[in-house]
Amino acid sequence: MTVKEIFDTMDYGPASESAAEALAWLVDQGDRFGCFINGAFTKPGQVFESRNPASGEVLAHITQATQTDVDAAVKAARKAQPKWAKDGYARARTLYAIARLLQKHSRLFAVLETLDNGKPIRESRDIDVPLAQRHFYYHAGMAQLMDTELPDRVPLGVCGQIVPWNFPLLMLAWKIAPALAMGNTVVLKPAEYTSLTALLFADICRQAGVPRGVVNIVTGDGAVGEMIVASDVDKIAFTGSTAVGRKIREATAGTGKALTLELGGKSPYIVFDDADLDSAVEGLVDAIWFNQGQVCCAGSRLLVQEGIADRFYTKLRARMDGLRIGNPLDKCIDVGAIVDPVQHAQITRMVDANTEGQTYRANTTLPSTGCFYPPTLITGLSTASTLMQEEIFGPVLASTTFRTPSEAVEIANNTRYGLAATIWTENINLALDIGPKLAAGVVWVNATNLFDAAAGFGGVRESGFGREGGWEGLSAYTKPKATAKPLKPIAAFEGDGGPDGLDRTAKLYIGGKQARPDGGYSRAVHGAKGALLGHASLANRKDIRNAVEAANAAKNWGKTTGHLRAQILYYIAENLSARATEFANRIDTLTGTRTGTKEVDTSIRRLFTYAAWADKYDGQVHNVPIRGVALAMKEPVGTIAALCPDDAPLLGLISLMAPAIAMGNRIILAASDPFPLAATDFYQVLDTSDVPGGVVNILTGSHAELAPTFAAHLDIDAIWSFSGTDQSAIIEKKAAGNLKRTWVNNGKARDWFSADGEGRSFLDQSTEVKNIWIPYGE
């Protein structure tokens, strides 16, 4: 091709990257890999093929790990963990060595990733590998700082980690780096389709001097992941599909294993009529055709303001026709190969089944062999369309239009997912108005797919829970130093005496009003000496429904200022203080103890604590390597259900209520099961303290009967359980329905009178971190 022909056609390349060194490395390993356990590769067992999706050629044979392999890996990790956790400086040096070796062998990693995954070499070379290096550098610093900056936290122990095939090396780095930094050891399973860079990483670990057993890698299909989930590990970290994440939530329910899930998405890409349309088109190319659309946070739902829709679509179609599809090792290629024929067939089925809108496929030639799918745009879809609601995980963009910013928010949030979102506008006021309204863990303004180790990444709703990266990501790999004691259930007192005075049945408290129980039943509450103290209503699932509706109707509470919420918490404390003696006597009568005065005094102090925090628990501005900022905003979780502890009927209730409402949440409290009357007395205080109706709701009844309905309710965003009877297993299992956040006691007691009964852990559980990336400049 002559220079003149190149200028006439504007064709590129080819500029192929050599695969010789990567293929040579595979040959040096014998093209057959065992698992990496206790610092060495095992002898290959039963194997499966790893193929290049762009050509179909077999690259290597990978071992299908057995239960014996998984057990050996967990055993090695368990043995190595105590010594590894002792020295943060030693961990920092090791993580730094890994980062340096990743840099040294960066081209080998990039080529091997492209061969195995099918993504363009430009992406693996310029994005995946540098970000993996960045995570190990960043977390080397975290390891160094842990003792001074996280003095009250310790490692969890052994972490089981399962990563997907779309970003094999990068997801490995996201998981392994923070786990090792905090003193944990790991057993990681790479995806069946893309195991090669994980195995190369294992080789790097040997070169870096990682102690034996600290990093273990077991390969195979989903059955191996199930073995890890069921094994003796302390945490499961999973990135993958929502369906599998739901199964893992159910499988780990009641085991006490920590769990973080980074799952699917259907992220909106919102283009307003004042946007720089050419820039927005280029951003959209990165949002949906990056890695062939095989990105959990891909901007796969395009929302365009109606007035500019035709112009924008015209520009977008022209840009699609210019995308270059072909050999991923060609540095001029924009779109590579789909990872596997199975995934290719799934994309084809979903698109072919669609009967709505207008489908446009890029006018470009596809290679005759390999798993290639053309960039596709489908416009004119309704919000209920399958392609607008379900994750396609391919280079397919579904689109609709909107008229007003409020409609854009409504359409954007009309999904069960909540991973990421993009806003494109030249009006920064509009961007900062819309960003906080979007149900997403990450929001990009005039940019897309920005990631960094300093800024946490993760979602809400059925996109999972937990964050990876940044300070917020470290909590998932640590636990408090304090050792909890086993929970001792407290039985309600019995008696046969009549009422002292008029009979009184305490009602439920829903929407700021006393409400009779739907079922019409109540139970007697007796004191320690058998005296009848009153009757408590027995709430049922309809009462929970009414409380949830009342709580959701009060969602504007989250939009109030921290100052206002602080004033109301102080007012609650003031009114409780005025009735301190009455409440103390009631607690003593209910519990048969002499702790009433102490409990009321501590409750008032606790209200002051969270009134203080209400306007001081700030977010952060993350130091990310762009010309701009990443704002880590702490937002309320939403509607929280909480089972209150039995041993401190007033203090336990306030210790859960106060942080929740201080952070802008609404809460539904299931009062102490044996001692409910302390809670029903307390709603009289709420009535006189300017608490808006629905912000605090109080139910009484059996925790065992209320817990499953709370956990399964799809309009509840989180559930906490500090019940005197361990409800952890049923809550975590039922919570898998909408993958709500859970915080349960796992049969362990908590000292509500000590520092263990308050603090940052309660604030963390009351908030979601949303990272809003705002590049600036011309």
Side-chain angles (χ1 to χ4, degrees), residues 265 267-288 290 297-299 301-309 311-312 315-316 399-413 418-452 454-457 459-460 469-470 472 556 558-563 615 617-636 664 767-778:
S267 301
Y269 189 100
I270 308 170
V271 182
F272 287 97
D273 58 9
D274 67 340
D276 179 338
L277 298 191
D278 291 323
S279 296
V281 166
E282 288 304 312
L284 189 52
V285 169
D286 288 335
I288 183 58
F290 172 56
C297 58
R301 281 190 301 148
L302 171 62
L303 314 182
V304 187
Q305 197 151 15
E306 197 171 274
I308 59 163
R311 274 198 300 145
F312 189 80
K315 288 175 177 287
L316 180 58
S399 181
T400 191
T401 59
F402 66 89
R403 293 183 178 180
T404 64
S406 60
E407 186 182 9
V409 171
E410 185 177 354
I411 295 173
N413 289 342
L419 189 52
T422 298
I423 302 169
W424 217 278
T425 175
E426 291 297 288
N427 184 343
I428 190 63
N429 292 323
L430 176 62
L432 294 181
D433 176 55
I434 297 298
K437 296 176 181 177
L438 298 175
V442 181
V443 176
W444 296 295
V445 176
N446 291 345
T448 195
N449 283 340
L450 298 178
F451 308 101
D452 187 65
F457 180 85
V460 297
E472 58 263 42
N556 284 337
K559 299 177 183 179
T560 58
T561 65
H563 173 73
D615 56 0
Y617 191 58
D618 297 326
Q620 294 175 300
V621 178
H622 287 313
N623 184 18
V624 292
I626 64 167
R627 191 163 184 261
V629 294
L631 304 178
M633 310 292 290
K634 290 188 167 127
E635 298 183 340
T767 52
E768 291 280 10
V769 176
K770 175 185 288 182
N771 278 283
I772 302 178
W773 292 68
I774 310 174
Y776 50 71
E778 292 294 329

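In this text the structure is predicted, and so the values were computed from the model without any measurement.
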Trainee: Please enumerate all residues that pass side chain to side chain contact (heavy atoms under 4.5 Å, CB included) together with Pro636, with sequence neighbours excluded.
Mentor: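 Residues passing side chain to side chain contact (heavy atoms under 4.5 Å, CB included) with Pro636: Asn665.
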Trainee: Between Leu302 and Leu316, is a side chain to side chain contact (heavy atoms under 4.5 Å, CB included) present by the stated rule, with each step listed?
Mentor: CA-CA 11 Å; Leu302 171 62; Leu316 180 58; 4.0 Å; yes
Trainee: Over all heavy atoms of both residues, which pair between Thr448 and Gly283 is shortest? Give the atoms and the distance, please.
Mentor: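 Closest approach of Thr448 to Gly283: CG2-O, 3.3 Å.
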Trainee: Could you check whether atom CG of Asn623 has more than 12 heavy atoms from other residues, nucleotides or ligands sitting under 6.0 Å from it?
Mentor: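 No, the 6.0 Å shell around CG holds no more than 12 heavy atoms from other groups.
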Trainee: If we ignore hydrogens and angles and just use 3.5 Å, is the side chain of Lys770 paired with the main-chain N or O of Pro436 as donor and acceptor?
Mentor: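 Side chain of Lys770 to backbone of Pro436: a pair is present.
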Trainee: Using modelled atom types only, decide if a donor and an acceptor are shared between the side chain of Arg301 and the backbone of Ala412 within a distance under 3.5 Å.
Mentor: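 Confirmed, Arg301 side chain pairs with Ala412 backbone.
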Trainee: Go through it in stages, so that I can follow the logic: the residues are Leu438 and Asn413, the test is side chain to side chain contact (heavy atoms under 4.5 Å, CB included), and I'd like the CA-CA distance, side-chain angles, deciding distance and then a yes or no.
Mentor: CA-CA 6 Å; Leu438 298 175; Asn413 289 342; 4.1 Å; yes
Trainee: If only atom types and distance count, is the side chain of Gln305 paired as donor or acceptor with the main-chain N or O of Arg403 below 3.5 Å?
Mentor: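 A pair under 3.5 Å: yes.
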Trainee: How close do Ile288 and Ala298 get, counting heavy atoms only, and between which atoms?
Mentor: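 Taking every non-hydrogen atom into account, CD1-CB, 4.2 Å.
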Trainee: Looking at every non-hydrogen atom in both residues, tell me the closest pair between Thr425 and Ile423 and how far apart they are.
Mentor: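 Scanning both residues, the minimum pair turns out to be CG2-CG2, 3.9 Å.
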Trainee: For Ser267, which residues count as a side chain to side chain donor-acceptor pair (under 3.5 Å) partner, sequence neighbours excluded?
Mentor: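 Not a single residue meets the side chain to side chain donor-acceptor pair (under 3.5 Å) criterion with Ser267.
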Trainee: According to side chain to side chain contact (heavy atoms under 4.5 Å, CB included), who are the partners of Ala454, at least two apart in sequence or on a separate chain?
Mentor: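 Counting only residues at least two positions away or on another chain, Ala454 forms a side chain to side chain contact (heavy atoms under 4.5 Å, CB included) with Arg134, Tyr138, Asp452, Val624.
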Trainee: Looking at Ala455 and His622, what are the two nearest heavy atoms and their distance?
Mentor: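 Closest heavy-atom pair between Ala455 and His622: CA-CD2, 3.7 Å.
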Trainee: Restricting to side chain to side chain contact (heavy atoms under 4.5 Å, CB included), what partner residues turn up for Ala280, sequence neighbours left out?
Mentor: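 Once residues adjacent in sequence are excluded, the partners of Ala280 under the side chain to side chain contact (heavy atoms under 4.5 Å, CB included) criterion are Tyr269, Val271, Phe312, Trp424.
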Trainee: Sorted by first residue and then second, give each salt bridge (Lys or Arg N to Asp or Glu O under 4.0 Å) pair with at least one member in residues 424-436; sequence neighbours left out.
Mentor: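 Every pair satisfying salt bridge (Lys or Arg N to Asp or Glu O under 4.0 Å) with a residue in residues 424-436: Asp433-Lys437.
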Trainee: Among all residues two or more places apart in sequence or in another chain, which pass the side chain to side chain contact (heavy atoms under 4.5 Å, CB included) test with Val629?
Mentor: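 Val629 satisfies side chain to side chain contact (heavy atoms under 4.5 Å, CB included) with Val621, Leu631, Ile774, Tyr776 once adjacent residues are dropped.
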Trainee: Between Asp286 and Asn449, is there a donor-acceptor pair closer than 3.5 Å when you use the side chain of the first and the backbone of the second?
Mentor: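 Pair absent, no side-chain N/O of Asp286 close to backbone of Asn449.
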Trainee: Does Lys634 use its side chain to pair, donor to acceptor, with the backbone of Gly619 at less than 3.5 Å?
Mentor: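 Absent.
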Trainee: May I ask you to decide if Val443's main-chain N or O and Asn771's side chain share a donor-acceptor pair within less than 3.5 Å?
Mentor: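 It does not hold such a pair.
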Trainee: What is the ring orientation for Phe451 with Trp444, classed by angle as parallel under 30°, tilted 30 to 60°, or perpendicular over 60°?
Mentor: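 Perpendicular.
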